[in-house]
Amino acid sequence: MRGKSVSLDSVSMRFGDFTAVQPTTLTIQAGEFFSILGPSGCGKTTLLRMISGFMTPTGGTIRIGDADVTALGPNRRPTALIFQNLALFPLMPVWENVAFGLEVRGVSKRQRREKAEELLALVALDGQGDKLPTALSGGQRQRVAIARALAVEPAVLLLDEPLSALDLKLRQHMRTELKEIQRKTGVTFLYITHDQGEALTMSDRVAVMRSGIVEQVGRGDDIYDNPATSFVASFVGESNRLSGTVEAISGGQASIATRFGTLQARCGAGLTAGEKAIVFIRPERTRLQDTPDGSGFALRGTFLRRDLEGPFVNLFFDCQGLPVTVHVTNDSRHASDSAAERWLCIAPEDALALPAGALARDE
Amino acid sequence: MNAVYRSYGPLLGTIILLGVAVWTLAMIIGPQVFMVEQSLWRLEQPDSAVTAGMRIEELNNALSLAQYDLGTLDGATEPDKVAEREKLARSVSEMEQELSTLQGQDTAPVKVYTIGNYTEMSGYHAEIFVKTIGASLLVTLIAFAVCYPVAYAAAKLAKPQRAALILLGLVIPYAINELLRVFAWLMILDYQGVANSVLLWLGLPEPIRFLDSGIGVFVAMVYAYVLFMVFPIYNTIETLDSNQIEAARDLGASTWKIHTRVVLPHAKPGIAVGSIMTFMLSAGSFSVPHIMTRGTAQPWFSQLIYSKFYDSFYWNQGAAYAFTLLLVCVAFIIIMMKVFKVGIRDIAK
């Protein structure tokens with residue numbers, strides 16, 4: 001199996017007056033694990049359905065490899081789609097499910113069976129071929145769906161939030177497994193999700209979408225550390241946010257006037273002096289001190305609440321009406337840290353100023 | 001039973017159980033038992049009654065002769081004639097006595113239990129029976145061929161509002177009396193009816209005899225029972241996850257393959273229910289063949305049953321015919337369940 005690249009050239013989708021996907025130009029490399037991340041209703045599923053062929057874009061062209069597939073139906077594209085609810089055929093045994101794509105291509109029963117067993121072995125389901133899908137566990141059904149999609153030897157595998165129905169442990173396990181299968185087969189994976197954890201852990205590159213627009217494309221680290229817009233910064237990961245006005249920009253640093261005083265931060269894309277800006281600080285990079293050491297900006301906070309997450313602890317503070325969260329590693333030093341008043345220190349390299357814009361809704 | 005009492009309390013529980021019992025007895029068991037019992041006997045003249053009848057005939061003849069002879073001897077005074085008259089009078093009174101005893105006996109025919117009502121179906125009736133079953137199967141098949149695409153379109157292709165409209169359109173004609181609907185078809189398919197007028201206008205050399213040839217019965221029957229096929233199939237297809245259809249298409253399946261491998265297997269219970277209802281209704285239909293053929297084509301088996309009951313007033317054989325039809329329908333249900341591999345519970349759904 002070999003993956004192929006997917007190129008979108010000004011692809012757009014309109015439903016009447018509503019534009020689900022704004023003209024989008026995007027190239028997914030052959031053999032890449034690419035994720036599209038966004039909240040529900042951002043147009044990521046529409047994009048996927050256009051690539052799989054279930055929808056014809058109202059504008060633009062889609063190419064898979066060198067071929068223009070814009071006008072082809074889903075059964076004539078070298079793609080295979082894994083549905084959110086998997087859509088296994090409940091009345092067929094597992095092996096027939098896996099071999100369905102071969103059956104409709106007229107492959108003989110013996111060859112189908114062989115190929116099915118081979119694929120079931122790939123997804124670690126050897127010997128489960130004669131069971132009905134309902135007899136399998138959630139994770140096993142997941143793997144059947146993957147095997148069924150791989151059976152038609154697609155150049156691109158499209159995954160529509162396939163892990164969302166699984167419980168947390170299984171979901172984390174399946175992430176590793178999906179990545180492993182992608183590596184073994186070399187097929188291009190296009191993964192749609194609203195779960196940033198999935199997108200960041202598995203993907204080579206991630207595209208973040210909002211309201212039909214791709215706001216940023218990049219490696220997971222880029223997306224997390226250098227978000228291009230305030231939406232990306234607020235949607236991916238958690239952040240403490242300070243709003244203010246840009247005073248000056250020099251050498252990649254911006255001075256932002258806030259109601260707590262002037263703060264130095266890294267200058268994000270599109271920032272201009274005099275404009276409104278939001279400063280984003282990740283909770284794990286907000287440091288907790290008894291007295292400010294003078295190296296950066298410091299806020300005095302009143303301790304509110306402590307949430308144990310397991311490996312880390314979330315401490316919530318109130319800084320004169322501004323809520324601030326601090327992540328501390330659960331290494332017993334901070335585990336029972338609950339002094340009433342603390343200093344929250346922010347180094348300039350840990351703060352990122354971006355033009356004020358749309359934020360992700362807190363759900 | 002205990003569960004019913006636990007859930008509904010003693011009063012409501014008793015009412016429910018009584019209701020079920022009355023329903024089962026009065027609606028299901030009672031009429032069937034009565035029908036089967038009827039079909040298993042008939043009234044027959046006992047053998048003795050047959051010989052007695054002959055003897056009565058004989059006696060009547062002999063009696064009138066003797067009375068005539070007696071009349072000729074009336075008023076005679078010769079001793080030998082007097083003796084003969086007395087002898088004749090004696091034998092007349094003997095004969096009259098025997099006659100009155102015999103006449104007292106033969107009036108009551110005897111109820112005889114027999115399976116003759118079932119086994120004595122004439123060749124002609126058996127032929128009609130087989131043809132009715134065959135025709136009903138054909139009606140079922142045609143109804144399925146017509147309904148499946150409609151049900152699929154309504155369930156999966158149309159937008160919800162459009163689907164509601166399609167289903168409403170299917171239901172509306174059923175608000176009209178069945179007889180009116182059948183008469184409407186009679187007018188359409190008549191020798192000089194609407195269909196033939198259109199066909200003649202389109203250039204057909206002469207009108208088609210829809211009604212006499214029996215085609216009319218098929219058309220009207222498919223129309224009359226189409227709803228009983230559409231809705232069960234629609235209901236099952238509606239529950240099919242559309243993603244499965246898309247998944248099949250995505251894996252490269254043709255429309256034919258999508259239907260034979262994904263949609264039809266899922267719709268099996270609905271098809272089974274629809275077929276059973278359509279078959280039973282067509283096999284037992286009286287008004288449609290009665291009106292559409294007007295006696296010009298071979299009757300439907302149900303018409304035979306009707307005439308057994310009401311024209312020849314032979315209830316016993318009528319009951320036997322009716323029960324035979326019921327047995328075939330039950331057999332059909334069992335066969336459908338086996339063929340479609342659905343349980344009684346799937347059908348009940």
Side-chain angles (χ1 to χ4, degrees), chain A residues 15 45 48-49 51-55 69 72-93 96-107 112 116 119 132-134 141 144-154 156-162 165, chain B residues 144 148 151-153 155-162 232-275 336-347 349:
Chain A
F15 300 105
T45 299
L48 183 86
R49 291 180 73 79
I51 296 171
S52 62
F54 285 109
M55 282 182 183
V69 297
L72 296 183
N75 47 349
R76 298 178 52 210
R77 293 192 184 193
T79 58
L81 176 59
I82 294 180
F83 290 79
Q84 187 163 9
N85 67 352
L86 307 181
L88 295 177
F89 306 124
L91 301 173
M92 294 181 205
E96 279 185 32
N97 260 285
V98 173
F100 184 80
L102 305 173
E103 182 186 331
V104 300
R105 283 168 175 73
V107 177
R112 293 204 307 263
L119 282 159
L132 283 177
T134 44
R141 279 206 289 275
V144 174
I146 295 165
R148 183 177 73 174
L150 291 174
V152 296
E153 308 202 347
V156 182
L157 193 66
L158 308 165
L159 302 100
D160 185 9
E161 308 205 25
Chain B
F144 170 70
Y148 179 76
Y152 180 77
K156 287 295 165 206
L157 301 181
K159 296 191 177 88
Q161 289 133 312
R162 182 81 53 83
I233 299 181
Y234 168 79
N235 281 339
T236 46
I237 293 182
E238 238 242 312
T239 62
L240 175 66
D241 172 15
S242 296
N243 281 352
Q244 282 182 32
I245 299 171
E246 291 199 337
R249 180 164 296 283
D250 187 56
L251 292 167
S254 59
T255 305
W256 172 255
K257 268 284 182 191
I258 290 175
H259 282 276
T260 52
R261 288 293 273 146
V262 180
V263 186
L264 274 171
H266 180 85
K268 269 182 185 176
I271 296 170
V273 172
S275 301
M336 289 310 275
M337 279 163 56
K338 285 271 180 283
V339 167
F340 286 100
K341 295 197 179 70
V342 289
I344 199 93
R345 275 163 59 192
D346 296 311
I347 289 178
K349 271 192 274 181

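Labels below follow one simple rule: chain letters A, B, ... track the order of the sequence lines, proteins then strands, and each chain is numbered from 1. Just so it is clear, the model here is predicted, and its values are computed rather than measured.
Side chain of B:K257 to backbone of A:E103: no donor-acceptor contact under 3.5 angstrom is found.
The side-chain heavy atoms of A:V104 and B:S254, taken from C-beta on, include no pair separated by under 4.5 Å.
Looking at A:L88, the atoms closer than 4.5 Å to chain B (heavy atoms on both sides) all sit in the backbone: N, CA, C or O. Of the atoms belonging to A:F89, heavy atoms from both backbone and side chain fall under 4.5 Å from chain B. For a residue to count as touching a neighbouring chain, one of its non-hydrogen atoms must lie under 4.5 Å from one of that chain's; by this rule B:D250 touches chain A with backbone and side chain alike.
Annotation: maximal heavy-atom pairing with chain B below 4.5 Å, among A:M92, A:R77, A:R76, occurs at A:M92. Per-residue heavy-atom pair counts under 4.5 Å with chain B were compared for A:T79, A:N75, A:L81, and the maximum is reached by A:N75. Listed options B:L251, B:D241, B:V262 were ranked by heavy-atom pairs under 4.5 angstrom with chain A; first place goes to B:L251.
A salt bridge does not link A:E96 with A:R112: none of the charged nitrogens is closer than 4.0 Å to a carboxylate oxygen. Checked for salt-bridge contact, A:R49 and B:E246 meet the test: a charged N lies under 4.0 Å from a carboxylate O.
Classified by interplanar angle (parallel below 30°, tilted 30° to 60°, perpendicular above 60°), the ring pair B:Y148/B:Y152 is parallel.
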